[in-house]
Amino acid sequence: MDIQLLTDYERTRLSERQPLPEAFLRLPESELEVRIAAARAALGDRVVILGHHYQRDEVIKFADCTGDSLRLAQYASRQEAAETIVFCGVHFMAESADVLSGDRQQVILPDLAAGCSMADMAAIDQLETCWEEMASVGVTGVIPVTYINSSAAIKGFCGEHGGIVCTSTNAAKVLAWAWARGRTVLMLPDQHLGRNTAYKMGVPLDEMVLWDPDAPLGGLEPTSLQHARLVLWKGHCSVHTRFSVRQIEQFRAAHPDGKVIAHPECTFDVVQAADESGSTDYIIRTVTGSPEGSVWAVATEIHLVNRLARELAPARTVMTLDSLGCLCSTMVRVSPNHLLWVLEGLIDGEVRNRTVVPEPTRTWARVALDRMLALA
Ligand code: 13P
Ligand code: SF4
C-alpha cells in the first residue's frame with residue numbers, strides 16, 4: 001500500500017494501528033474459543049462487545065449486542081457501566097461509538113485496518129471545497145447529510161453546518177428532516193443510498209445531481225446545481241455495487257416464485273428491480289418473517305447472507321444474489337485472533353488499537369449524531 005496515496009483519514013488510522021503479534025497468528029480454533037471465552041468472563045461488566053451483522057461467525061458469537069449501524073450506535077450511546085467498548089465492525093462505527101460514549105469510556109477496534117472504502121471516498125478537504133464552490137454559484141443554505149459510513153471529520157462538518165447523520169434504516173426520516181430546514185440537501189458519501197431513498201420519497205431523478213469531488217464545481221453546470229434539490233456525492237460501496245439486474249433476471253428465471261431483497265447501497269437499477277430493499281436489520285426481519293417455503297436472493301455482504309441461510313434452513317431458502325458472494329474485505333479483518341489479543345491486553349492493563357476522535361471534531365460530530373438519535 002502506497003501511504004502517499006492515502007487520505008489523511010486513512011493515514012492517521014493506519015499509522016496508529018498496532019499489528020497482531022506473531023504469537024496470536026496461528027492459534028487453533030478450539031484454543032481461540034476457550035481463551036476468548038475465558039478473557040470475556042474475566043473482564044465481566046468492564047467490557048461490552050458490539051458486532052455488526054457482516055462480522056464472521058467466529059467473532060459475532062462473542063458479541064453482547066449485534067445489529068445494523070443504527071442499533072449499534074444507539075447501544076453505544078447507552079453504555080454507562082462498561083469502561084471499554086470493543087467494536088467488531090469497521091472504523092467509522094468505532095469512531096461513532098467513541099463520540100457517543102462517555103468521557104471515561106474507551107473504544108477499541110480490534111484491527112485499525114478495518115476501514116470502509118466508501119467512507120474513504122469523502123475527505124474533509126474535498127467537502128470544504130464543495131461547500132465553497134456551491135456558495136460561489138449562489139447555492140447556500142444547504143443542509144449537509146452524511147451517511148454514518150463516513151469519517152468523524154465529515155460528521156463534524158455536518159454538525160457544525162446545521163446538518164445531520166443518517167443510517168440506511170432512517171435515511172428517509174433524516175432527509176425529510178433536512179428538507180424541512182433547507183431547499184437543497186447535500187448527501188454524502190453514498191450516491192446510491194441518497195438516490196434510492198429520495199426516489200422512494202417521491203423526488204424525481206431530474207431533481208438530483210451528482211457531485212464529482214475530483215472535478216471543478218463537481219463537474220456540474222451552475223444552473224443544474226442551482227435547480228437541484230438533492231446533491232449526491234460521487235461515492236459508493238464496492239461490495240454492493242457488484243450486484244446487477246442481470247443477476248436478478250437469472251435468479252427469477254431459476255426461481256419464478258422467489259423474491260429479491262437488496263441493501264440500499266446497491267445501484268438504483270438493482271433496487272428498482274428487487275422486491276424489497278432496506279438495512280441489514282430490515283433484511284433479517286423481512287426474510288425471517290416471510291412464510292415458510294419462501295425463496296430469497298439477498299443482495300448484501302456474504303457473511304450475513306450465509307448466516308441467514310443456515311439459520312432459516314430448511315423452512316426458507318436463502319442465497320446470495322451474486323454466486324461469487326460479495327465479501328466486505330475490511331469487515332473480515334476483525335478476526336477472532338484480534339479479538340483475543342485486545343481482550344487479553346485489557347486483562348494485562350494494555351489498551352490495544354484504541355479509536356479516539358479528537359476535539360473539536362468530537363463535539364461537532366456528536367451534534368450531528370445526536371440530531372439523528374433524537375429522530376430515530
Ligand atoms: P447497515 O446499517 O444496514 O447495517 O449497513 C452498514 C453497512 O456498512 C452496509 O454496507
Ligand atoms: Fe463499507 Fe461497503 Fe464494507 Fe459496508 S460493505 S463497510 S459500505 S465497504
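Scope of the values below: all heavy atoms of this structure, side chains included, with no hydrogens, waters or symmetry mates. None of these values were measured; they are calculated from a predicted model. Atoms within a ligand are numbered from 1 in the order they appear, just like the ligands themselves.
The hydrophobic cluster containing I49 also contains L32, counting ILVMFWY residues as joined when their side-chain heavy atoms lie under 4.5 angstrom apart, directly or transitively.
Between S279 and the options N170, T300, T169, a side chain to side chain donor-acceptor pair (under 3.5 Å) holds for only T169.
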Could you pull out the N/O contacts under 3.5 angstrom between ligand 1 and the surrounding protein atoms?
from     : atom 1 : to   : atom 2 : distance (Å)
ligand 1 : 2 (O)  : S69  : N      : 3.0
ligand 1 : 2 (O)  : S69  : OG     : 2.8
ligand 1 : 2 (O)  : S168 : OG     : 3.3
ligand 1 : 3 (O)  : S168 : OG     : 2.7
ligand 1 : 3 (O)  : H263 : NE2    : 2.8
ligand 1 : 3 (O)  : T280 : N      : 3.0
ligand 1 : 3 (O)  : T280 : OG1    : 3.4
ligand 1 : 4 (O)  : H52  : NE2    : 2.7
ligand 1 : 4 (O)  : T280 : OG1    : 2.5
ligand 1 : 5 (O)  : H263 : NE2    : 3.4
ligand 1 : 8 (O)  : N149 : ND2    : 3.1
ligand 1 : 10 (O) : E265 : OE1    : 2.8
ligand 1 : 10 (O) : E265 : OE2    : 3.1

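Note that R35 lies in the cation-pi zone of F24, set by a 6.0 Å cut-off to the ring centre and a 45° limit from the axis. By the 6.0 Å and 45° rule, R371 does not stack over the aromatic ring of W177.
Judged purely by atom type and a 3.5 angstrom limit, N337 uses its side chain to pair as donor or acceptor with the backbone of L25. Side chain of R183 to main chain of R229: no donor-acceptor pair is present (N/O by atom type, distance under 3.5 Å, no hydrogens or angles). In this structure a side-chain-to-backbone donor-acceptor pair under 3.5 Å is present from Q247 to S244.
If you look at atom 3 (Fe) of ligand 2, the protein N, O or S atoms less than 2.8 Å from it are C328 SG.
R252 places a side-chain heavy atom less than 4.5 Å from the side chain of D275. Using a 4.5 Å heavy-atom threshold, the side chains of Y282 and H263 count as separate.
Every atom of ligand 2 is numbered from 1 in the order shown, and the set under 4.0 Å from a heavy atom of E265 is 2 (Fe), 7 (S).
Classification of the H240-Y54 ring pair by plane angle, with boundaries at 30° and 60°, yields tilted.
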